[in-house]
Amino acid sequence: MAANPLPRPKRTSTKPPAAPSKEAAFYRGKDRSGDTVELSLKDLCPNPFNRRAMSGVAELAATIQEVGLLQNIAHIPADIWVAHYPETADNITAANVILFGEHRWRAVQDLDWEVIPSVLMDDKVADARLITLIENLRRAQLSPLEEAEHYEALRSSGLSYEQIAQKVGETAKGAISKGTVWKRVQLLALEPEVQGALRAGTLAVSTAERLQKMSAEDQREAVTLVRGGMRPLEAQAQILARQRQTETESDKVPAAGEPGVSTGNAKPHQQGSVASGKAALKSRKTGKKEQPKPSADQYEQDRRAAAAARDTACQLLVETTDVGDPANSELLLKAMTGALLAPQQQSAAQQRALVWLRRAERHRLDDQNASSYFNAVQDSGDGELQLLAAFTISLAAAELRTAARRHSWGTRETGYLRLLQEHAQYTPDTAWEKKELAVNSTGETE
């Protein structure tokens, strides 16, 4: 049997190894974008674009100590960062800037770590603002004002509201629209006292958005009332009611040199006349001060003025009533009970209700026709929107019934006015309304 042949020796090439490409030569011995490296904690500094409050660091440190660091942070070398954002140079205090993961960096400092794994993302420097915002939104940790500050920074970099909404896309709170971005940015124009209450959580963002329509003085007053224990919606209602009262009083005061408003067609008083003598005798017998009787024209003017004032009060209720708050159950029940027991023309009530909802920016759906809008609300499955729609239609139906030209008021109409007085700070101010409520000008029941 022949012996096994010896293995053939391997041939060694005499050619020199191929030269590396320019790209490979450039990156030889360097970290490339996307590489994970271990950095000393001292070689990192916070992202100047990160406006997220540094809360919950101790809790995060405890979690990391128990289960480890589940996600690496990311960084950009300081020289690359400053070259792109020279306005932030004074805030850069280390060799690398944290792109995202500042909470984790602070947490491991509490654990006395010396290094932390971090992903190099120098190719993302141009999108640093946007990446910082998206990272924070996905973690659902930003307050409304922190969101606003991020959006405003993106606006300053040249993006439109629509572009910001498209780039941010899906977040932890759901998709956002350009309208949401715009509303958040407007919060930055609120008075410092209002912003402080919003940051402290004593003022809801929806209430803060409504305060934007108020003057700086009224905004500060609203915050003062809230801090004194008043509910935010009640504070807003009180201020708006005072404004309406001031406007009404200013309309009544005649300008210098102008005669007062006529109270009717009564002839001037003549001394010694039989009519005036009888009126004086009647006044002495009844013990009441005789009031001049307004004319039919004046009653009609009063009726229209009262209807306009009630419309404003209803608009206020539509804007400020939280239909999901159990504290408002009695208000909703009163409004809807009156509408159901005395139904008004459905079409007219729907049209008036939709006008109020649009003014209050609480309509949510975009149907232009009132009938199709409320049909869409019914099909939406949104219980809160359906309750708000029913409440608004109930107010509209009650107002239409009360404002009817030749309709004599009864318990339903007076009940509706009592509701406005109690919940919308409404004050019956015309002779016509006082007559219908059986109240004289002194406020006493006849």
Run the salt-bridge test on Glu59 and Arg106 with the 4.0 Å N-O cut-off and return the result as yes or no. no
Leu211 to Leu190 - nearest heavy-atom pair and separation: C-CD2, 4.3 Å
A side-chain contact here means heavy atoms from C-beta on lying under 4.5 Å apart; do Ile73 and Val119 qualify? no
Glu209/Arg184 under salt bridge (charged side-chain N to carboxylate O under 4.0 Å, His left out): CA gap, chis, key distance, verdict: CA-CA 9 Å; Glu209 288 172 349; Arg184 286 290 187 267; 3.6 Å; yes
Looking only at heavy atoms, which two atoms of Ala78 and Ala94 are closest? And how far apart? CB-O, 3.3 Å
Value rounded to 0.5 Å, distance of CG in Asn96 from CG in Leu120: 8.0 Å
If we ignore hydrogens and angles and just use 3.5 Å, is the side chain of Glu152 paired with the main-chain N or O of Val185 as donor and acceptor? no
Between CG on residue Leu332 and NE2 on residue His423, distance to nearest 0.5 Å: 9.0 Å
Where do Pro144 and Leu187 come nearest, in terms of heavy atoms and distance? CB-CD1, 4.0 Å
Going by heavy atoms in the side chains, are Ile131 and Met121 under 4.5 Å from each other? no
With a 3.5 Å distance limit and no angle check, can you tell me whether Arg104 reaches the backbone of Asn72 through a side-chain donor-acceptor pair? yes
Mind checking the CD-CD spacing from Gln195 to Gln219? Nearest 0.5 Å is all I need. 9.0 Å
Calculate, to the nearest 0.5 Å, the distance between atoms CD1 and CG belonging to Ile164 and Leu154 respectively. 5.0 Å
Heavy-atom side-chain proximity of Asp311 to Arg352 below 4.5 angstrom: yes
Show the numbers, then the answer: is there a side-chain contact (heavy atoms from CB on, under 4.5 Å) between Val108 and Leu41? CA-CA 9 Å; Val108 298; Leu41 299 183; 3.8 Å; yes
For a side chain to side chain donor-acceptor pair (under 3.5 Å) check, start with the C-alpha distance between Thr132 and Asn50, then their side-chain angles and the critical distance, and finish with the verdict. CA-CA 6 Å; Thr132 303; Asn50 186 13; over 6 Å; no
Have Tyr416 and Glu399 got a donor and an acceptor in their side chains that come within less than 3.5 Å? yes
Mind checking ring pair (Phe, Tyr, Trp, His ring centres under 6.0 Å) for Tyr85 and listing every partner two or more places apart, or none if nothing turns up? Phe49, Trp81
Ile98 vs His75, side-chain contact (heavy atoms from CB on, under 4.5 Å): CA-CA, chis, key distance, verdict: CA-CA 4 Å; Ile98 298 172; His75 71 280; 5.6 Å; no
Counting only N and O atoms by type, is there a donor-acceptor contact under 3.5 Å from the side chain of Asp43 to the main-chain atoms of Leu39? no
Are Val223 and Glu191 side-chain neighbours, meaning at least one heavy-atom pair lies under 4.5 Å? no
Under 6.0 Å from the CD atom of Glu87, do we count more than 12 heavy atoms belonging to anything else shown? yes
Evaluate the side-chain proximity of Asp122 to Pro77: yes if any heavy-atom separation is below 4.5 Å, no if none is. yes
Spacing of Glu38 atom CD and Ser118 atom OG [to the nearest 0.5 Å]: 10.5 Å
Which atom of Leu357 lies closest to which atom of Thr392, heavy atoms considered: CD2-OG1, 3.6 Å
Under the side-chain contact (heavy atoms from CB on, under 4.5 Å) rule, what do Tyr373 and Gln350 come out as? Steps first, then yes or no, please. CA-CA 9 Å; Tyr373 169 80; Gln350 286 183 341; over 6 Å; no
Do Leu44 and Val97 have side-chain heavy atoms sitting under 4.5 Å apart? no
Go through the steps for Ser40 and Glu114 under the test side-chain contact (heavy atoms from CB on, under 4.5 Å), then give the verdict. CA-CA 6 Å; Ser40 169; Glu114 294 184 359; over 6 Å; no
Closest heavy-atom pair and its distance - Ile64, Ala107: CD1-CB, 4.0 Å
Is the shortest side-chain heavy-atom distance between Ile92 and Pro48 below 4.5 Å? yes
Just verifying a value: how many Å separate Leu317 CG and Phe391 CZ, rounded to the nearest 0.5 Å? 5.0 Å
So, for Trp356 and Cys314, which heavy atoms are closest and what is the spacing to 0.1 Å? CH2-CB, 3.4 Å
N/O donor-acceptor pair under 3.5 Å between Asn47 side chain and Leu99 backbone: yes
I'd like to know if Lys183 pairs up with Glu147 as an ion pair, taking the criterion as any Lys NZ or Arg NE/NH1/NH2 lying under 4.0 Å from an Asp or Glu carboxylate oxygen. no
Look at the side chain of Ser215 and the backbone N and O of Asp218, then say whether any donor-acceptor pair between them is shorter than 3.5 Å. yes
